[in-house]
Undergrad: 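Dropping the structure in here first, questions after.
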Number of protein chains: 2
Amino acid sequence: MLVLITYDVNTETAVGKTRLRKVAKQCVNYGQRVQNSVFECNMDAAKCRQVKAILEGIIDKDKDSLRFYYLGEHYKNKVEHIGAKPGFDVTEPLIF
Amino acid sequence: MLVLITYDVNTETAVGKTRLRKVAKQCVNYGQRVQNSVFECNMDAAKCRQVKAILEGIIDKDKDSLRFYYLGEHYKNKVEHIGAKPGFDVTEPLIF
């Protein structure tokens, strides 16, 4: 299923900037960055629980937020992109 | 239907910062800000076309991006929030 992860991390302090880096670094392991704070992750429920637990352990819940949007299996016509940096199809392997 | 609008605006220049302000200002007219660059808009297809056209007119398509996620009518169990600044229920009127 496609899970959209969006986050806001308060970067007013150095520790906030560190949290932001850590959140982004983890998200990269689970999906495709489509915008600065938006990741599309094609994963099953177990992986989703895993990344959720990891991210919850990183953020400061009084200052930062995470949102998860569950787009299901049939998401191709539910997503539209306009402008720079179009997202990659996360179901297609990257060929190098 | 619930439409999620996410955006990345390149703010390296003063005109970029102006674009960002304009995009946010327009989104506020159509929905609820749930994170810094994430809005949830409960609107019909006509309103959606309208805001899309307005935002397309503001952004620089070489530098900025917009993404629209169509979450349909039954979205309550498709969204999960963790941490600060929880979103408001966009279907409930605000009582002052």
Side-chain angles (χ1 to χ4, degrees), chain A residues 1-12 16 19-20 23-24 27 32-41 45 48-49 51-88 90, chain B residues 1-12 16 19-20 23-24 27 32-41 45 48-49 51-88 90:
Chain A
M1 63 174 174
L2 190 71
V3 182
L4 187 73
I5 304 175
T6 68
Y7 53 81
D8 251 359
V9 176
N10 185 316
T11 56
E12 284 172 358
R19 289 197 307 276
L20 178 67
V23 167
C27 287
Q32 178 66 47
R33 190 173 217 157
V34 293
Q35 284 179 337
N36 201 28
S37 302
V38 181
F39 283 77
E40 287 180 3
C41 308
C48 189
R49 279 193 299 273
V51 66
K52 205 186 295 179
I54 291 170
L55 297 181
E56 277 198 67
I58 296 170
I59 67 163
D60 178 334
K61 288 185 188 174
D62 293 329
K63 294 177 180 162
D64 312 327
S65 78
L66 301 167
R67 286 181 84 85
F68 296 85
Y69 294 91
Y70 302 98
L71 296 174
E73 298 294 343
H74 308 288
Y75 51 81
K76 299 226 171 189
N77 59 351
K78 293 180 188 163
V79 185
E80 193 176 351
H81 181 95
I82 296 168
K85 296 177 281 174
F88 300 93
V90 292
Chain B
M1 63 175 173
L2 190 71
V3 182
L4 187 73
I5 305 176
T6 68
Y7 54 80
D8 251 0
V9 176
N10 185 316
T11 56
E12 284 171 359
R19 289 197 307 275
L20 179 67
V23 167
C27 287
Q32 177 66 47
R33 189 173 219 158
V34 292
Q35 285 178 337
N36 200 28
S37 302
V38 180
F39 283 76
E40 287 181 4
C41 309
C48 188
R49 279 194 299 275
V51 66
K52 205 186 297 179
I54 290 170
L55 297 180
E56 278 199 68
I58 295 170
I59 66 162
D60 178 334
K61 287 186 189 174
D62 293 329
K63 294 177 181 164
D64 312 327
S65 76
L66 300 168
R67 286 181 84 85
F68 296 85
Y69 294 91
Y70 302 99
L71 296 175
E73 298 294 343
H74 309 288
Y75 51 81
K76 300 225 171 188
N77 59 351
K78 293 180 188 164
V79 185
E80 193 175 351
H81 181 94
I82 296 167
K85 296 177 281 175
F88 300 93
V90 293

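The figures here come from the full heavy-atom set of this structure, side chains too, leaving out hydrogens, waters and symmetry mates. Residue numbers start from 1 in every chain, and the chains themselves are labelled A, B, ... in the order their sequence lines are given, proteins ahead of strands.
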Undergrad: Looking at CD1 of A:I59 and OH of A:Y7, how far apart are the two atoms once the value is rounded to the nearest 0.5 Å?
TA: 12.0 Å
Undergrad: Give, as side chain, backbone, both or neither, the part of A:Q35 having an atom under 4.5 angstrom from any heavy atom of chain B.
TA: both
Undergrad: With a 4.5 Å cut-off on side-chain heavy atoms, are B:L55 and B:I5 touching?
TA: yes
Undergrad: Heavy-atom distances under 4.5 Å only: say whether B:V38 touches chain A with side chain, backbone, both or neither.
TA: side chain
Undergrad: Any idea which of B:S65, B:G72, B:S37 has the most non-hydrogen atom pairs under 4.5 angstrom with chain A?
TA: B:S65
Undergrad: What I'd like to find out is whether the side chain of A:D60 reaches to under 4.5 Å of the side chain of A:V9, using heavy atoms alone.
TA: no
Undergrad: Under 4.5 Å from any heavy atom of chain B, what part of A:N36 do you find: side chain, backbone, both or neither?
TA: both
Undergrad: Roughly how far, to the nearest 0.5 Å, is the CG atom of A:D8 from the CG atom of A:D64?
TA: 8.0 Å
Undergrad: With a 4.5 angstrom heavy-atom cut-off, which part of B:N77 approaches chain A: side chain, backbone, both or neither?
TA: backbone
Undergrad: Between A:L4 and chain B, which part of the residue has a heavy atom less than 4.5 Å away: side chain, backbone, both or neither?
TA: side chain
Undergrad: Show, in sequence, the C-alpha distance, side-chain angles and deciding distance for A:E80 and B:K52, and conclude whether the salt bridge (Lys or Arg N to Asp or Glu O under 4.0 Å) test is met.
TA: CA-CA 11 Å; A:E80 193 176 351; B:K52 205 186 297 179; 2.8 Å; yes
